[in-house]
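What follows is a set of notes on a single structure, which appears directly below.
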Amino acid sequence: MTEVRIRPRQVLMLIIIFIIVLMLVHRNGKRTCQGPEYLQALYAEQQADTLTKIYAITPTYSRPAQKAELTRLSHLFMLVPSLHWIIVEDSNVTTPLVTNLLHRAGIEKRSTQLNIKTPPEFKLQEKDPNWIKPRGVEQRNLALSWLRSHAADDDHAIVFFMDDDNSYSVELFVEMSKIQPGRVGVWPVGLVGGLMVEKPLLNEAKTEVVGFNAAWRPERPFPIDMAAFAISMDLFIKNPQAVFSYDVQRGYQESEILRHLTTRAQLQPLANQCRDVLVWHTRTEKTKLTSEEALQRQGKRSDGGMEV
C-alpha cells in the first residue's frame with residue numbers, strides 16, 4: 001500500500017482556500033451571489049439593508065397536490081429574502097401540513113399562517129368547473145385585514161396575490177421591488193386568457209399603460225390576471241374599502257380590487273417595459289387517483305402514516 005504524504009505547505013494552501021470560500025459565502029454573515037445580475041442586485045440590497053418587503057398572499061385548500069405546490073413556492077422564499085408569505089387556508093383551523101412545510105423551508109419567521117372557511121354557498125363542488133364561482137375571496141380579504149393591522153407602519157412594502165398553482169421566476173420579485181409608493185406595478189403573464197401571453201400595451205414612450213391585449217372580456221376595467229400586478233401597501237392603508245367581493249361578474253375580481261386603488265394611467269409598467277414574461281398561469285390538473293380510490297374501497301391506503 002502506497003503511503004500518501006501531505007506536506008505542510010499543501011495543508012496551509014488547503015486552509016487558505018477553505019477560509020476564502022467561507023468568506024465568499026458568509027461575508028458579513030449574509031449570503032453573496034455569483035449568479036445573474038438581478039440576483040446580485042437583490043443580495044446587494046440585502047447587505048445594505050435596503051430591501052423592499054413584499055407580502056405574498058396565497059389562498060390554499062386541502063387537496064392531493066397541495067403540499068407539492070406549496071413546496072415549489074417555498075423554494076422562492078428561500079431565494080428571496082424580502083418575501084413574507086401570508087398563507088391563508090380555506091379551513092376551520094390551520095393545519096399541521098402547512099405548519100410543517102414552513103418549518104422545513106426555514107421560513108417560519110418570514111411567514112404568517114391564517115385560516116378562514118369559505119361559506120358553503122360559495123364553495124366549489126366536486127364536479128364544478130373552477131371558473132363557476134369566485135375563489136379565494138374570504139382568504140385574500142382576511143390577509144388584507146391582517147396587513148392593515150400589522151404592516152401599516154412599514155416604510156414601504158408591496159402586496160402581491162400569489163396563487164399556489166402558478167409558476168414564478170425569482171426575477172419577478174426583483175421587478176416588484178421597483179414599485180414606487182402609491183403605485184400599482186404591472187407586467188405580462190404567460191399562458192392565460194386563451195393566449196400565449198396577456199400584456200399591458202404601452203404608449204410610444206413606454207412609460208404609460210394605454211390598453212391591454214386581452215382576448216377574454218376585454219371590456220373589463222382592468223382585463224388582467226391576478227398574477228399580473230402588485231400593489232404598494234400604502235394604497236391599502238389609504239383605501240380601507242378596497243376588498244374582494246362575491247358580488248361581481250365572473251373575471252372581475254382583479255378589477256374590483258384595482259378600481260379602488262388606481263387608474264390605468266397611474267399603473268407602473270415593469271418587466272423590461274412589459275416585454276418579459278416572468279410568471280405563467282400554469283393551472284394544475286386535478287390529480288388522478290383511481291388506483292388509490294380502489295385501495296381505499298378495500299380499507300387500505302398507499303400513504304398510511306405519511307404526509308404526501
Side-chain angles (χ1 to χ4, degrees), residues 54-74 76-77 83-105 107-108 110-151 159-168 192 225-227 229-231 236 242-257 279 281-289 292-293 303 306-308:
I54 299 171
Y55 291 100
I57 297 172
T58 300
T60 189
Y61 64 98
S62 178
R63 62 195 187 280
Q66 182 186 24
K67 185 178 179 181
E69 295 189 321
L70 292 178
T71 296
R72 184 182 71 251
L73 293 195
S74 74
L76 286 166
F77 289 80
L83 279 174
H84 183 102
W85 202 1
I86 305 177
I87 297 185
V88 193
E89 300 184 68
D90 188 345
S91 172
N92 289 321
V93 295
T94 56
T95 64
L97 183 146
V98 174
T99 303
N100 293 339
L101 184 141
L102 296 172
H103 173 73
R104 295 185 72 163
I107 55 175
E108 306 102 308
R110 290 196 291 121
S111 60
T112 299
Q113 186 180 358
L114 304 173
N115 66 281
I116 187 169
K117 190 75 172 173
T118 298
E121 63 269 27
F122 295 112
K123 187 73 173 175
L124 284 173
Q125 302 304 308
E126 182 69 20
K127 296 183 180 181
D128 286 345
N130 59 19
W131 48 262
I132 199 167
K133 294 177 183 177
R135 295 181 298 165
V137 172
E138 298 288 339
Q139 291 73 35
R140 293 187 183 106
N141 283 343
L142 179 62
L144 290 177
S145 177
W146 184 92
L147 279 170
R148 287 179 170 117
S149 299
H150 293 81
V159 179
F160 178 53
F161 300 104
M162 185 181 186
D163 288 351
D164 60 6
D165 56 353
N166 289 345
S167 299
Y168 306 89
V192 68
D225 186 73
M226 197 71 71
F229 61 91
I231 301 165
F236 283 114
V243 294
F244 293 94
S245 172
Y246 290 109
D247 298 322
V248 296
Q249 298 179 58
R250 173 190 166 203
Y252 274 71
Q253 289 295 333
E254 295 85 356
S255 294
E256 174 63 19
I257 197 74
V279 55
H281 193 68
T282 49
R283 287 182 186 165
T284 305
E285 290 186 4
K286 184 178 179 182
T287 309
K288 296 178 181 179
L289 295 170
E292 186 70 32
E293 290 164 1
D303 60 341
M306 300 174 66
E307 180 184 274
V308 181

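- Atoms CG and CD, on Asp247 and Glu256 in that order, are 8.5 Å from each other to the nearest 0.5 Å.
- Between Asp165 and Arg63 no salt bridge is recorded (no basic side-chain N to carboxylate O distance below 4.0 Å).
- Between Phe229 and Glu254, the closest side-chain pair of non-hydrogen atoms falls below 4.5 Å.
- At least one side-chain heavy atom of Met226 sits under 4.5 Å from a side-chain heavy atom of Gln253.
- Between Leu142 and Asn115, every side-chain heavy-atom pair lies at or beyond the 4.5 Å cut-off.
- Taking the side chain as every heavy atom from C-beta outward, Gln139 and Ile57 never approach each other to under 4.5 Å.
- Within the 6.0 Å centre-distance limit, the rings of Phe244 and Phe161 are counted as a close aromatic pair.
- Between the Glu89 side chain and the Pro59 main chain, no donor and acceptor come within less than 3.5 Å of each other.
- In summary, Arg140 and Asp163 engage in a salt bridge, as defined by a charged side-chain N under 4.0 Å from a carboxylate O.
- Figure legend: cation-pi geometry between Arg250 and Tyr252 absent, as NZ or CZ is not positioned both under 6.0 Å from the six-membered ring centre and within 45° of its axis.
- Of the possible polar contacts, none joining the Gln113 side chain to the Ile87 backbone as a donor-acceptor pair under 3.5 Å is found.
- For Arg104, the CZ atom is loosely surrounded, since the number of other residues' heavy atoms within 6.0 Å does not exceed 12.
- Ring geometry for Tyr55 versus Trp146: interplanar angle over 60°, hence perpendicular rather than tilted (30 to 60°).
- The pair Lys67-Glu307 meets the salt-bridge criterion, since a charged nitrogen lies less than 4.0 angstrom from a carboxylate oxygen.
- Contact of the Met162 side chain with the Leu76 side chain is registered, since non-hydrogen atoms from C-beta on lie closer than 4.5 Å.
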**Message:** Evaluate Asp90 against Thr118 for side-chain hydrogen bond (donor to acceptor under 3.5 Å, both in side chains), listing each step before the verdict.
**Reply:** CA-CA 6 Å; Asp90 188 345; Thr118 298; 2.8 Å; yes

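- Between Tyr246 and Phe122, the angle of the ring planes stays under 30°, which puts this pair in the parallel group of the 30/60° scheme.
- At least one side-chain heavy atom of Leu70 sits under 4.5 Å from a side-chain heavy atom of Thr58.
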**Message:** Between Ser74 and Trp85, does the side chain to side chain contact (heavy atoms under 4.5 Å, CB included) criterion hold? Intermediate values first, please.
**Reply:** CA-CA 9 Å; Ser74 74; Trp85 202 1; 3.9 Å; yes

